[in-house]
Chemist: 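After the structure tokens below, expect a handful of questions from me.
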Amino acid sequence: WQTTLAVMNTGEADSTVTFSAYDAEGNLTDIFEQVLKAKQNFVGEVSDIFPDSEIASMTIISQDDQPLYGLSLYGTTDGLRLASAPIRPAYASSLHLPHIACTDQWWTGIGLINAGEASTDISFSLLDENGERLNVTTKPFNPKQRLAIGIRELFNGNIDPSARTMKIESSEGQPIRGIYLISTTDGLRLMGDELYEFDLHGLGVRRD
């Protein structure tokens, strides 16, 4: 697997942009800084940006309060599978996975980070088509700690056939951020996107 980042300073002034790398437990492992002029973009492989670090997640911050926009591309090194997701600020303490595919032919995985500054318990609830809870599992997260796991493994194989969606909630109201992947078990097809917050009407909300 490999990950490529594209980050743009969409502001009107130059900015020093800090890329911070964290391991799976949320420990800071490395920092990289890049000066981006107004409207300039930066594209690079994560393995080139942090060649000597163990990386599970990253934060990207403008030190001059300029607006940033970004995109991550991730896929297998053989070029057979590729997916992408926008890089956005973490603000929501509740996210939804809109579709679960866990059959003999399909698998679903998630990548989730506690983007807050405090520890929190995060619950994962499987829901049926009516929004009724079928099963729940809870895991503790340190600040900046990341989890990357398949849905089947997350619930120890206990996936009710009627499960359609999943709700993810931080017990302490910490901001969480995540993506999901859906792939065929033969490895030939892959897609992914971000996990969403939902408004009161049940529609996905993107806050740019």
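If you're wondering where the values come from, they're calculated on a predicted model, not measured in any experiment.
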Chemist: Could you grab the distance from atom CG of N41 to atom CG of L71, nearest 0.5 Å is fine?
Modeler: 11.0 Å

Chemist: When you check the gap from the basic side-chain N to the acidic O, do E12 and K39 get nearer than 4.0 Å?
Modeler: yes

Chemist: Please confirm whether F42 and F19 have ring centers closer than 6.0 angstrom.
Modeler: yes

Chemist: Which atoms form the tightest heavy-atom contact between T138 and S123, and what is the distance?
Modeler: OG1-CB, 3.7 Å

Chemist: Check the pair D64 / S62 against side chain to side chain donor-acceptor pair (under 3.5 Å), numbers first and verdict last.
Modeler: CA-CA 5 Å; D64 304 281; S62 166; 5.0 Å; no

Chemist: Applying the 4.5 Å side-chain criterion to the ILVMFWY set and letting contacts propagate, would I110 and W106 be lumped into a single cluster?
Modeler: yes

Chemist: When you look at E25 and K144, which way does the salt bridge (charged side-chain N to carboxylate O under 4.0 Å, His left out) test go after all the steps?
Modeler: CA-CA 7 Å; E25 300 303 317; K144 304 301 186 290; over 6 Å; no

Chemist: If I compare all heavy atoms of A90 with all of P175, which pair ends up nearest, and what's the gap?
Modeler: O-CB, 3.7 Å

Chemist: Between the side chain of N156 and the main-chain N/O of N158, is any donor-acceptor distance below 3.5 Å?
Modeler: no

Chemist: Quick check: is V136 connected to L97 through a chain of hydrophobic side chains (ILVMFWY, heavy atoms under 4.5 Å apart)?
Modeler: no

Chemist: Give the minimum heavy-atom separation between L181 and G192, together with the two atoms involved.
Modeler: CD2-CA, 4.0 Å

Chemist: Could you walk me through whether V17 and L68 pass the side chain to side chain contact (heavy atoms under 4.5 Å, CB included) check?
Modeler: CA-CA 9 Å; V17 178; L68 302 177; 4.0 Å; yes

Chemist: Got S15 and L36 here, is their nearest side-chain heavy-atom distance under 4.5 Å?
Modeler: no

Chemist: Any chance you could measure L127, atom CG, to D160, atom CG, to the nearest 0.5 Å?
Modeler: 11.0 Å

Chemist: Of the options V46, I179, I87, V7, which is the one that meets S72 in a side-chain contact (heavy atoms from CB on, under 4.5 Å)?
Modeler: I87

Chemist: Under the 3.5 angstrom rule, does the side chain of N142 hit a backbone N or O of G26 as a donor-acceptor pair?
Modeler: no

Chemist: Side chains of L126 and R133, heavy atoms from C-beta outward: is any pair under 4.5 Å?
Modeler: no

Chemist: Any chance you could measure R146, atom CZ, to D23, atom CG, to the nearest 0.5 Å?
Modeler: 9.5 Å

Chemist: Parallel, tilted or perpendicular: which one describes the rings of F124 and F141, with boundaries at 30° and 60°?
Modeler: tilted

Chemist: Considering non-hydrogen atoms only, spot the tightest contact between Q174 and A118 and give its length.
Modeler: OE1-N, 3.3 Å

Chemist: Are side-chain heavy atoms of L95 and Y196 found at a separation under 4.5 Å?
Modeler: no

Chemist: Please walk me through it: do L80 and D78 pass side chain to side chain contact (heavy atoms under 4.5 Å, CB included)?
Modeler: CA-CA 6 Å; L80 295 179; D78 59 15; 3.5 Å; yes

Chemist: Indicate yes or no: at least one non-hydrogen side-chain atom of D128 is less than 4.5 angstrom from one of R164.
Modeler: no

Chemist: Assess whether side chain to side chain donor-acceptor pair (under 3.5 Å) is satisfied between T4 and E45, documenting all intermediate values.
Modeler: CA-CA 4 Å; T4 302; E45 298 281 349; 3.0 Å; yes

Chemist: Checking side-chain polar atoms at under 3.5 Å, does E33 have a donor or acceptor matched by the opposite partner on T16?
Modeler: no

Chemist: When rounded to the nearest 0.5 angstrom, what distance separates OG in S20 from CG in D30?
Modeler: 9.0 Å

Chemist: Taking only Lys NZ, Arg NE, NH1 and NH2, and the carboxylate oxygens of Asp or Glu, determine whether E194 and R177 approach each other closer than 4.0 Å.
Modeler: yes

Chemist: Okay, side chain of T10, backbone of P67: is any donor-acceptor separation there less than 3.5 Å?
Modeler: yes

Chemist: Heavy atoms, side chains only, cut-off 4.5 Å: are I168 and I176 in contact?
Modeler: yes

Chemist: Heavy-atom distance under 4.5 Å between the side chains of Q63 and I61, does that happen here?
Modeler: yes

Chemist: Distance from N27 atom CG to Q145 atom CD, nearest 0.5 Å?
Modeler: 9.0 Å

Chemist: Counting only N and O atoms by type, is there a donor-acceptor contact under 3.5 Å from the side chain of T108 to the main-chain atoms of A101?
Modeler: yes

Chemist: Should L134 and S162 be marked as a side chain to side chain contact (heavy atoms under 4.5 Å, CB included) after you check the CA-CA gap, both sets of side-chain angles, and the distance that decides it?
Modeler: CA-CA 8 Å; L134 301 170; S162 62; 3.5 Å; yes

Chemist: With the 4.5 Å side-chain cut-off for hydrophobic clustering, are M8 and L73 part of the same group?
Modeler: no

Chemist: Shortest non-hydrogen contact from M58 to Y22?
Modeler: CA-CD1, 4.5 Å

Chemist: Which distance, rounded to the nearest 0.5 Å, do you find between the SG of C102 and the CD1 of I182?
Modeler: 9.0 Å

Chemist: Take I151 and I159, measure what side chain to side chain contact (heavy atoms under 4.5 Å, CB included) needs, and give me the verdict at the end.
Modeler: CA-CA 8 Å; I151 300 301; I159 305 292; 3.9 Å; yes

Chemist: Does a sphere of radius 6.0 Å around CD in E54 hold more than 12 heavy atoms from other residues, nucleotides or ligands, not counting ones at 6.0 Å or beyond?
Modeler: no

Chemist: Within the supplied structure, the quantity of interest is the number of heavy atoms (other residues, nucleotides, ligands) at a distance under 6.0 Å from E129 CD; does it exceed 12?
Modeler: no

Chemist: Can you name the nearest heavy-atom pair linking S57 to I113, along with the distance?
Modeler: OG-CD1, 3.3 Å

Chemist: Are I122 and I149 connected into the same hydrophobic cluster when the rule is that any two of I, L, V, M, F, W, Y join if their side-chain heavy atoms are below 4.5 Å apart?
Modeler: yes

Chemist: For the hydrophobic clusters of this structure (ILVMFWY residues joined by side-chain heavy atoms under 4.5 Å, transitively), does one cluster hold both L195 and Y74?
Modeler: no

Chemist: Within the supplied structure, the quantity of interest is the number of heavy atoms (other residues, nucleotides, ligands) at a distance under 6.0 Å from D186 CG; does it exceed 12?
Modeler: yes

Chemist: So Y180 and H99, do their side chains get closer than 4.5 Å, heavy atoms only?
Modeler: no

